[in-house]
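This report concerns only the one structure given below.
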Amino acid sequence: MKLIYDVEDRPGFGALVVFAVQQLLAIMAATLVVPMIVGNGMSSAAALFGAGVGTLVYVLITRKKSPVFLGSSFAFINSMTAAFAGGVSMSLGYLGMIIGAVFAGLVYVVIALVVKRVGVAWLNRLMPVVVIGPTVAIIGLSLAGNAVGDLKSGGIKLDGQPVASPIAAVLCGLVTLGVTMLCSTYGKKSARLIPFIYGILAGYAVSFILTLLGDAVSADELRVLNLEPFRALTADGFGLKTLLQFPDFTFLTAKDGLAELNGSYLATIAVAYIPVAFVVFAEHIADHKNISSIIERDLLEEPGLHRTLLGDGIGSMAGAFFGGCPNTTYGESVGCVAITRNASIYTIIAAAVGAVLVSFISPFIAFVNSIPPCVMGGVCMALYGFIAVSGLKMVQQVDLGKNKNLFVVSVILISGIGGLTLNFGRVTITSVACALILGILANLLLKNAPEE
């Protein structure tokens, strides 16, 4: 795949701003939803700020060679929830999230030091293409259910259930997907580079029209768009907070929890975070193998796995300090690079700076919060699909005429698509990690198989 913008290329200022907004829209919904899931008063705007800072840290440590955005990690949701277990105060819970992110980040630092000393040749032997290819495909395929679930869901809910009919929601999502595909395939240079912006705006417009019709004829089935985030801006009258609002940074509340900190709580946080860091390490490898195949450069060699790990780990610490959420490389960002063929690191930097700035802009946060799930579902059908296809393209390099390769690929695909997960107390080994581990074991078991 020929890139329109390579990693070192710098688009013009106007184009750069538009590309950065597209990256933000691709990653923002997932980044904002993690603190909403965890609850306990966590701020979505602060999480976005933390994601921007974490990405800038990552870009700096990886020497501007890895074009991927870091966002709030879903893998640590149970860990963040555990920080509030036992009825601890909010200040101690916030402090626990910061300490937990430090624990997880230190795991990455230790692994990075080991990799720096011994190199990555062992890793390539442990995870050859026959293992990593189908694992990358699983990253996309394992998210298929999320994309389809969102595609059928409107933004307005009653008793936790969307009021819009699935038909209306799917219509909005398919308009989003259709416009995205048409712009990416038939559009001129500008449209081809920002298909997601056109797609999201088109889907948003259709959802707005349907909602107006639903309000006019009192038909809840057509009410797809939730305008409540905008109404909340003026709930107390029009003022400065309507336009600008200071995010509720995690460290501001966490500092009051220092007096309550004790050894027992530290042990609880360590158990909740450290094992998950090893699980996310496996996904870190798969993500970087994937982006490497897209930009046709081995990021595990240059800037090196030790640098990507350091960037991810320290970026997670920074993200949690401000927003409470450890960060991780985002498949949505990788998919955006793949579809638009824009791998410019300056787009990632601009998106990170944009994330920091827009976290203070109330109307923009309200707009993103108002985008119906079905619209983002239409976008994610393309994003997750491209991740899956990237992995399948790697599999093309594998001789599936050999039984040992066929078994390895089969084990990974079936366990990953089937959603195999394992729970050890508060630690959950995700389907991607399970698939990768099984693939590694199968490959080691069969590596000395006679030639067929």
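What you see is a predicted model, and the numbers here were worked out from it, not measured in a lab.
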Residue pairs involving residues 363-378 (criterion side chain to side chain donor-acceptor pair (under 3.5 Å); sequence neighbours excluded) = Tyr204-Ser370
Please list, chain by chain and in numerical order, all residues satisfying ring-ring contact (aromatic ring centres under 6.0 Å, His included) with Phe321, sequence neighbours excluded.
-> Phe251
Qualifying side chain to side chain donor-acceptor pair (under 3.5 Å) pairs, either residue in residues 96-119, two or more places apart = none
Indicate yes or no: at least one non-hydrogen side-chain atom of Ile99 is less than 4.5 angstrom from one of Leu266.
-> yes
Answer yes or no: is there a side-chain heavy-atom contact under 4.5 Å between Phe281 and Asp312?
-> no
Please check if the side chain of Ser91 supplies one atom and the backbone of Ala254 the other of a donor-acceptor pair under 3.5 Å.
-> no
For Ser344, check side-chain hydrogen bond (donor to acceptor under 3.5 Å, both in side chains) against everything at least two apart and list the hits.
-> none
Looking only at heavy atoms, what is the nearest atom pair of Pro363 and Leu243, with distance?
-> CD-O, 3.3 Å
Applying ring-ring contact (aromatic ring centres under 6.0 Å, His included), which residue pairs with at least one partner in residues 324-344 are found, sequence neighbours left out?
-> none
Backbone of Gly50 reached by a side-chain donor or acceptor of Asn327 within 3.5 Å = yes
What pairs with Arg307 under side-chain hydrogen bond (donor to acceptor under 3.5 Å, both in side chains), at least two apart in sequence or on another chain?
-> none
Shortest non-hydrogen contact from Pro247 to Ser359?
-> CG-O, 3.6 Å
Pairwise side chain to side chain donor-acceptor pair (under 3.5 Å) hits with a residue in residues 41-55, at least two apart = none
When you measure from the side chain of Thr340 to the backbone N and O of Ile194, does any donor-acceptor pair fall under 3.5 Å?
-> no
What pairs with Phe407 under ring-ring contact (aromatic ring centres under 6.0 Å, His included), at least two apart in sequence or on another chain?
-> none
Candidate pair Leu436 and Ile440, rule side-chain contact (heavy atoms from CB on, under 4.5 Å), full reasoning = CA-CA 6 Å; Leu436 178 58; Ile440 291 172; 4.1 Å; yes
Answer whether the closest heavy-atom distance between the side chains of Leu438 and Ile412 falls below 4.5 Å.
-> no
Nearest heavy-atom pair of Leu24 and Gly354: which atoms, and what distance?
-> CD1-C, 3.9 Å
Above 12 or not: heavy atoms from other molecules or residues under 6.0 Å from CZ of Phe208?
-> no
Is there a donor-acceptor pair under 3.5 Å between the side chain of Gln22 and the backbone N or O of Phe196?
-> yes
Between the side chains of His288 and Thr329, is a donor N or O closer than 3.5 angstrom to an acceptor N or O?
-> no
Heavy-atom side-chain contact between Leu56 and Ile349 under 4.5 Å | yes
Donor-acceptor contact present, side-chain Ser292 to main-chain Asp298, <3.5 Å = no
Are Leu300 and Thr308 side-chain neighbours, meaning at least one heavy-atom pair lies under 4.5 Å?
-> no
Closest non-hydrogen contact found for Leu151 with Gly378 is CD1-N, 3.8 Å
In chain order, what residues pass the ring-ring contact (aromatic ring centres under 6.0 Å, His included) check against Phe49, with sequence neighbours excluded?
-> Phe249, Phe322, Phe360
Does the pair His284 and Thr328 meet the rule for a side-chain contact (heavy atoms from CB on, under 4.5 Å), with working shown?
-> CA-CA 8 Å; His284 176 98; Thr328 190; 6.0 Å; no
Val224: which of Val163, Val375, Thr211, Ile156 passes side-chain contact (heavy atoms from CB on, under 4.5 Å) = Thr211
Between Tyr346 and Glu8: side-chain donor-acceptor atoms closer than 3.5 Å | no
Closest non-hydrogen atoms of Leu70 and Gly311, given as atom of the first, atom of the second and distance, are CD2-O, 4.2 Å
Applying salt bridge (Lys or Arg N to Asp or Glu O under 4.0 Å), name anything that partners Glu302, two or more places apart in sequence or on another chain.
-> Lys65
Qualifying residues under side chain to side chain contact (heavy atoms under 4.5 Å, CB included), relative to Val7, sequence neighbours excluded | Pro67, Ile295, Arg297, Ala343, Ile345
Flag side-chain contact, heavy atom, 4.5 Å: Leu305 against Ile285 = yes
Least distance between heavy atoms, Leu32 atom then Ala45 atom | CD2-N, 4.5 Å
Which residues satisfy the ring-ring contact (aromatic ring centres under 6.0 Å, His included) test with Tyr94, sequence neighbours excluded?
-> Phe84
With Cys374, which of Cys172, Ser153, Pro166 fulfils side-chain contact (heavy atoms from CB on, under 4.5 Å)?
-> Cys172
So do the side chains of Leu444 and Leu126 get within less than 4.5 Å of each other, counting heavy atoms only?
-> yes
In terms of side-chain heavy atoms, does Thr347 have a donor or acceptor partner in Gln23 at a distance below 3.5 Å?
-> no
So do the side chains of Val102 and Leu106 get within less than 4.5 Å of each other, counting heavy atoms only?
-> yes
